[in-house]
Amino acid sequence: MTIDVHGNSVLVASVIEIYRAPGVDQALRDFRLPEQLGFGLVCAPVMFTSEFRQGGWQRGELIPYGSIQIPPGARALHYAEVVFEGLKAYCVGQSTPSLFRPRENWLRMVRSAARLAMPELPESLFMAAIESVTVACRSLIPSKSGQALYLRPFMFGTEPGYHVRPSSSARFMVIANPSEVYQTQPLRVRIERREARACTGGLGEAKTGANYAASLRAATRAMRDGYSVSLWLDAATHSRVQELSGMNVFAVVDDELWTPELDGAILPGITRDSLLRIAQDQGMVVRERPLLIAELLAKITNHECTEVFACGTAAIVSPISVLADDESEYVPPRVDDVAARLRERLLSIQERRAPDPFGWVHVLTNSI
Ligand SMILES: *Cc1c(COP(=O)(O)O)cnc(C)c1O
C-alpha cells in the first residue's frame, strides 16, 4: 500500500492474477451509459466470478455481464445459502476511482459467510474482484455528486442436493451498477408490530438474502398503505427498535445522536459506524443503546426527539418524515437538519471533496 499526495492510501491493484475473458473489451466498447440511471437499474457490462470447489478458490475471471448457469438443485435456491455486500466506487471530479472502507465490506462478508457455514473468502480475492470491476468500468462511473458505481459482491452455494449440510461448492461474483442515490424523498416509515425480520441468534447480523425475504410481506403492505418502508422491532418482545429492512436508524434526542446498539439481530452498517464517528468528531454526544419504541414515540411527541433518519450505502442518509403506528402517525419536528449535515460530511469524504482524517478512502490506480 502506498500513500498519494492527498494522504489517501492507494491500493495498488490486485496481488492475485485474474483472467480477462476475450469479450470484455468489446462489451465495454459497446456499452452506452443511459441518461436515467436510477439505482441498480443499469448493469455494468462486465462482472467478476470465481468458484470454490474441492476446498479451494479457483482463478478469478472478469467476464461480460450476462446470465449464468447453476444446477436447479443448487442449495442457494433451496436453503438460502446466499450472502452479499454493497459498496460504491466514486469518481467525482477525479481521474482515479476510489472505494470507501472496502475492507469493512470484506470483513462483514466473511462474518456473514461464517454464520451460514459458507467458505471463507480471502481478502486478496475480494479486493481483486472489486478492484478489477471498478477499474474495468472506470469510464462508466458517473461523475456527478451523489452518483457512483454501486458494487454488489455476493456468494452462493452451488452444490445440488437436499441433505441439510453446507454446500461444498460456491460461487463468488461481483456485479456493478452505475447509480444515483437510492432514495431522495424523506422516508415514510411504518412501524411493524406483528411480523419479525430477525432475532438475536438468528441471521440479523449477517448480510443475507433471507433477512430480506422475511421483510417483504410487511414492506409490501406498508407500501400499499402509502408508506415507504417498515421499521422492525425485536422479535421476542416487539418493544425495541432494530432497523429498517435495509438501513440502520438514528434519532436526535436532546441534541445527542442515538442509535440502537448492535444486539446480534441488527446489521452492523458501515454507514452507521461512519456516522457515529463523524458525529463524535463534530462534537455530538453519541449513544448506542437499547431504544424502546414507546420511548422513541413519547420523545417525538414531547419534542425531546427532534429528528429521525436512516442510513446505508445505497441511500447514504435518508431523513424520516413520519413514523406510523397502527392508529397514529408521529411526526418529528425537524426533517433533514442533523441528517443533512452528517450526509454532507460523509459524502464529501467519500467523494474526496474534503480531507479524510479517518483514513477511510482507498484510491485505485489504473494498473489492472
Ligand atoms: C446493508 C444493510 C444496511 C446498511 O449497511 P451499510 O454497510 O451502511 O451499507 C443496513 N441494514 C441492513 C439490513 C442491510 O442489509
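The basis for the numbers below is simple: all heavy atoms, side chains too, and nothing from hydrogens, waters or symmetry mates. Both ligands and their constituent atoms are indexed starting at 1 by order of listing.
If you check each of T271, V249, L267, I316 against atom 8 (O) of ligand 1, the one with the closest non-hydrogen atom is T271. Comparing heavy-atom distances from atom 10 (C) of ligand 1 across A310, S274, G246, G312 singles out G246 as nearest. Considering only non-hydrogen atoms, atom 6 (P) of ligand 1 lies nearest to I270 out of D273, I270, L275, N211.
Remark: R20 engages D25 in a salt bridge, criterion side-chain N to carboxylate O under 4.0 Å. Using a 4.0 Å cut-off between charged nitrogen and carboxylate oxygen, R193 and D326 do not count as a salt-bridge pair. Between R334 and E307 there is no salt bridge, since no side-chain nitrogen of the basic residue lies less than 4.0 Å from a carboxylate oxygen of the acidic one. By the 4.0 Å N-to-carboxylate-O rule, R217 lies close enough to E195 to be salt-bridged with it.
In this structure, H303 places its NE2 atom where more than 12 heavy-atom neighbours from other residues, nucleotides or ligands lie under 6.0 Å away.
Within ligand 1, counting atoms from 1 as listed, the ones closer than 4.0 Å to a heavy atom of R108 are 5 (O), 6 (P), 7 (O). Within the listing of ligand 1, atoms 5 (O), 6 (P), 7 (O), 8 (O) sit less than 4.0 angstrom from a heavy atom of G269. Residue contact check: N248 has heavy atoms under 4.0 Å from atoms 10 (C) of ligand 1.
Look at E104 and you'll find every heavy atom at least 4.0 Å from all atoms of ligand 1. Contact annotation: S245 has at least one heavy atom less than 4.0 Å from an atom of ligand 1.
The protein non-hydrogen atom at the shortest distance from atom 15 (O) of ligand 1 is Y212 OH, 2.5 Å. Annotation: atom 14 (C) of ligand 1 to nearest protein heavy atom, K207 NZ, 3.0 Å. Scanning the protein for heavy atoms near atom 11 (N) of ligand 1, the closest one is E243 OE1, 2.6 Å. Among all protein heavy atoms, the one lying closest to atom 9 (O) of ligand 1 is T313 OG1, 2.6 Å.
Under 4.0 Å from ligand 1, the heavy atoms of R197 that appear belong solely to its side chain. Neither the backbone nor the side chain of A314 has a heavy atom within less than 4.0 Å of ligand 1.
Between F126 and F172, the ring-plane angle classifies as parallel under the 30° and 60° cut-offs. Ring geometry, F309 versus F250: the interplanar angle falls under 30°, so the pair is classed parallel (tilted spans 30 to 60°).
The two residues S179 and Y150 have their closest heavy-atom pair at OG-CB, 3.9 Å.
Taking hydrophobic clusters as Ile, Leu, Val, Met, Phe, Trp and Tyr residues chained together by side-chain heavy-atom distances below 4.5 Å, V174 shares a cluster with M118.
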